[in-house]
Amino acid sequence: MKSSNNLLRKSHFLGTKIRNLRKSNHLTMEDVSSRCVKINADLAPSVSYLSMIERGKRVPSEEMLGVIAEVFQKEISWFLDDASADNAISPVKTNRGGISGMALEPSFLFSNEILQIALPEMLVQTGTTGRQFAQLLIRAYQEYHRNHFPDLERAAEEVGQKRMPLDEHDMIAIASRLGLEVVWFDSMPTEVADELGVKSNSLVRSYFEAPNKIYLHNVLKKEPARMKYDLAVHIGHCILHNKDGVKSILLAGRSQGITLQQGEFGLAHSSEVDPKDILQAWRDFECSFFAGALLCPKVPFRQLLDRTGYSVEVHKTIGVSPAVAMRRMTAVSPYPHWHYFDAYAPGTLKAVYRGNGIPLPWGNMRLVEDPCRHWAVFRMISTPEAIDGTSAQISVLDAGDGPRIYCCESLKGQDLAGNSHVLCAGIDLNPALDTQMQDANAIAQSLKETCVSQGGSATIPDDIKQELSKVARILNISWINRGLERQARVICSRGAVCPRKPSCYAK
């Protein structure tokens, strides 16, 4: 064992390396300290001591450095060599999808005046409603900001005082303090059809009516997790929008791409760009984000995820729906490269978040003729697989700049209207591999070639599994390891670019 003096002589860049490595993995000092505690509580540095190490004020013992090294899956010698921190750590590459900052030419065609004329015409020709277009804009805004909205987080924390969990009685008490009255009602699910005649059920779960009434469907009495979410959404409307007269309505069912008849709740939408539709869509997003932040406040929820390895089962611990828990993962995780889908058969995405710009195989407005059938989220829709459990999958997908490795965890269930759907939370593993100074593109290409050579699915080679297992430890996401025990699958964004041999879509 090296002496303390020997360790001191080799620690020139130690603090800087630890700090840069921590930041490149998007971890706070609290995150690192708590993960060290999980490995060895006696040797784990406190937050203040870790701060002094990073600033060069203290040198850790070799045993403590061993614990820190295990968090980042590094050898102790890596922290003690003479390579500078800048050369030792690769910067994290970001990918937000879209046009990658490309200037659109000729620029005069993209002036505000021309776009204001062209966009309504485009919506009419494609059958896209103004509300759907607004939701696309909101999704782009959400992805641009990495799903971080501190003002909404603060508003929710002021109301809930960062308490977790909150039960239904707590939520009703909060509503009462705000001068809101809860009224119960009954109605039957309505059968609705999309533009291709695909039928599903839709149910009005709840709505707010000015000045102070929250109407909840009686079926929510048997669904406390969903009832809490609806109450949280309407409380958000009252906090954020000052109880104005806009009727805020929550639906169960595949409402995207479906024509709802004008009736008691005024749910019909047109292809015209109506400012009210855009405003209401934005308010719906704000209230939904507020609800998640109220029920799963950032700091305690992140600590819970860290203790449980980001298990989707945490929703049972705090009494929220799986959808709320999985959406909040994407918002509170220190790792920014998440995606989230809420998929309905035969091919509709009701909710989408893709913070890493992941190509979409299906949209939330139109079915496509050649969707990839190997995505976990869509495969689970039409098969009995994991109806009562979760399913982790490692996938390889070409994403414009080369193949990328994804891992996701999916959960099949039913919404309040009785429709089957699949929730999926996933991450892009390429940035994590890059942070570990691995050639993510080469690893993804190798895994893709292995899968293609075996018909599209293959056991993950040991060398790749070892690198991905290290990433799983650093990110502290347990379902990555479950995915590594299964075959990896090649997936595609459209059948026309299917990399499998023979193609799944060969006639």
Side-chain angles (χ1 to χ4, degrees), residues 22 25-28 30-41 44 67-74 164 296 298-318 320-341 355-356 376-377 380 385-386 388-395 405-413 422-433 435-436 438 447 459-460 462 464-489:
R22 173 178 63 78
N25 282 285
H26 309 281
L27 298 175
T28 65
E30 289 81 359
D31 293 330
V32 175
S33 178
S34 65
R35 292 185 185 188
C36 287
V37 168
K38 291 173 67 174
I39 295 171
N40 189 318
V67 175
I68 296 172
E70 186 172 347
V71 169
F72 295 110
Q73 296 293 285
K74 297 286 187 185
M164 188 184 78
C296 306
K298 185 173 183 177
V299 172
F301 187 61
R302 182 167 161 175
Q303 292 171 343
L304 175 62
L305 291 174
D306 201 49
R307 292 195 300 271
T308 60
Y310 280 75
S311 168
V312 299
E313 296 297 308
V314 297
H315 74 91
K316 298 177 181 178
T317 304
I318 57 176
V320 299
S321 69
V324 170
M326 293 168 84
R327 287 205 311 270
R328 283 297 283 168
M329 283 183 188
T330 72
V332 308
S333 170
Y335 189 67
H337 307 283
W338 284 80
H339 54 268
Y340 168 81
F341 303 134
N356 56 344
V377 61
M380 288 179 64
E385 178 183 349
D388 297 323
T390 58
S391 173
Q393 176 175 312
I394 300 289
S395 306
I405 301 176
Y406 297 100
C407 185
C408 67
E409 178 84 305
S410 302
L411 179 68
K412 190 169 186 177
V422 175
L423 302 168
C424 174
I427 58 171
D428 181 352
L429 291 171
N430 278 39
L433 288 168
T435 298
Q436 290 307 106
Q438 301 299 319
L447 182 57
T459 300
I460 301 173
D462 288 341
I464 296 178
K465 182 182 292 187
Q466 182 178 4
E467 295 304 326
L468 293 178
S469 181
K470 289 181 181 178
V471 166
R473 290 285 302 277
I474 295 170
L475 297 180
N476 192 30
I477 299 177
S478 59
W479 34 267
I480 298 177
N481 284 321
R482 292 203 299 276
L484 292 174
E485 298 307 314
R486 302 184 174 197
Q487 288 193 330
R489 292 173 177 256

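Atom set for the values below is all heavy atoms of this structure, side chains included, hydrogens, waters and symmetry mates excluded. The first residue of the sequence shown is numbered 1, and numbering continues consecutively from there.
- Side-chain atoms of Ile474 and Val71, non-hydrogen and from C-beta on, never get closer than 4.5 Å to each other.
- Ser395 has its side chain out of reach of Ile405: every pair of non-hydrogen atoms, C-beta onward, lies at least 4.5 Å apart.
- Proximity of Leu304 to Met164: side-chain heavy atoms (C-beta onward) are separated by under 4.5 Å at one or more points.
- Under the 4.0 Å criterion applied to side-chain N and carboxylate O atoms, Arg35 and Glu70 are not assigned as salt-bridge partners.
- Remark: side-chain polar atoms of Gln487 are not paired, donor with acceptor, to backbone N or O of Ile394 under 3.5 angstrom.
- For Ser311, there are no side-chain hydrogen bond (donor to acceptor under 3.5 Å, both in side chains) partners two or more places apart in sequence or in a different chain.
- Between Gln436 and Glu467 the shortest side-chain heavy-atom distance does not fall below 4.5 Å.
- A salt bridge does not link Glu485 to Arg482: none of the charged nitrogens lies less than 4.0 Å from a carboxylate oxygen.
- Two residues are said to be in side-chain contact when any heavy atoms from C-beta on lie closer than 4.5 Å; Gln393 and Tyr406 fail this criterion.
- Among the candidates Arg22, Arg302, Gln303, the single residue satisfying the side-chain hydrogen bond (donor to acceptor under 3.5 Å, both in side chains) test with Asp31 is Arg302.
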Taking it one step at a time, do Arg486 and Ser391 satisfy side chain to side chain donor-acceptor pair (under 3.5 Å)? CA-CA 10 Å; Arg486 302 184 174 197; Ser391 173; 3.0 Å; yes
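- Every residue two or more places apart in sequence or in another chain that forms a side-chain hydrogen bond (donor to acceptor under 3.5 Å, both in side chains) with Ser333 is listed here: Trp338.
- Not a single donor-acceptor pair under 3.5 Å links the side chain of Glu409 to the backbone N or O of Ala425.
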Evaluate the side-chain contact (heavy atoms from CB on, under 4.5 Å) criterion for residues His337 and Ile427: first the C-alpha distance (whole Å), next the side-chain angles of each, then the deciding distance (0.1 Å), finally the verdict. CA-CA 6 Å; His337 307 283; Ile427 58 171; 5.7 Å; no
